[in-house]
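Below, all heavy atoms of this structure are taken into account, side chains as well, without hydrogens, waters or symmetry copies.
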Amino acid sequence: MPKVEIKEGESFEAAMRKFKRQIEQEGILRELRDRKHYQKPSEKRRKKMRERR
């Protein structure tokens with residue numbers, strides 16, 4: 001779980017940018033989008049093959 005410590009005098013916007021960057025680096029949003037809709041294994045294979053082309 002990503003966590004950001006806010007330093008004294010640091011704005012909320014700056015802390016939010018740090019938090020979003022950490023989430024993106026850990027791949028949490030990507031995993032969330034993937035889990036939102038179930039994909040059959042055959043659909044996953046087709047998607048990977050299309051991406052390779």
### Query
Do Glu13 and Arg17 meet the salt-bridge criterion of a basic N to acidic O distance under 4.0 Å?
no
### Summary
Here the pair of heavy atoms bringing Glu10 nearest to Glu5 is OE1-O, 3.9 Å
### Task
Output yes when Arg30 and Glu24 qualify as a salt bridge under the 4.0 Å nitrogen-oxygen rule, no when they do not.
no
### Task
Might you point out which heavy atoms bring Ala15 and Val4 nearest each other, and give the distance in Å?
O-CG1, 4.0 Å
### Message
Show me the pairs that pass side chain to side chain donor-acceptor pair (under 3.5 Å) and involve residues 38-53, at least two apart or across chains.
### Response
none
### Query
Side-chain contact, heavy-atom cut-off 4.5 Å: Lys3 with Gln22?
no
### Message
In this structure, would Ile23 and Met16 fall into the same cluster of hydrophobic residues linked by side-chain contacts under 4.5 Å?
### Response
no
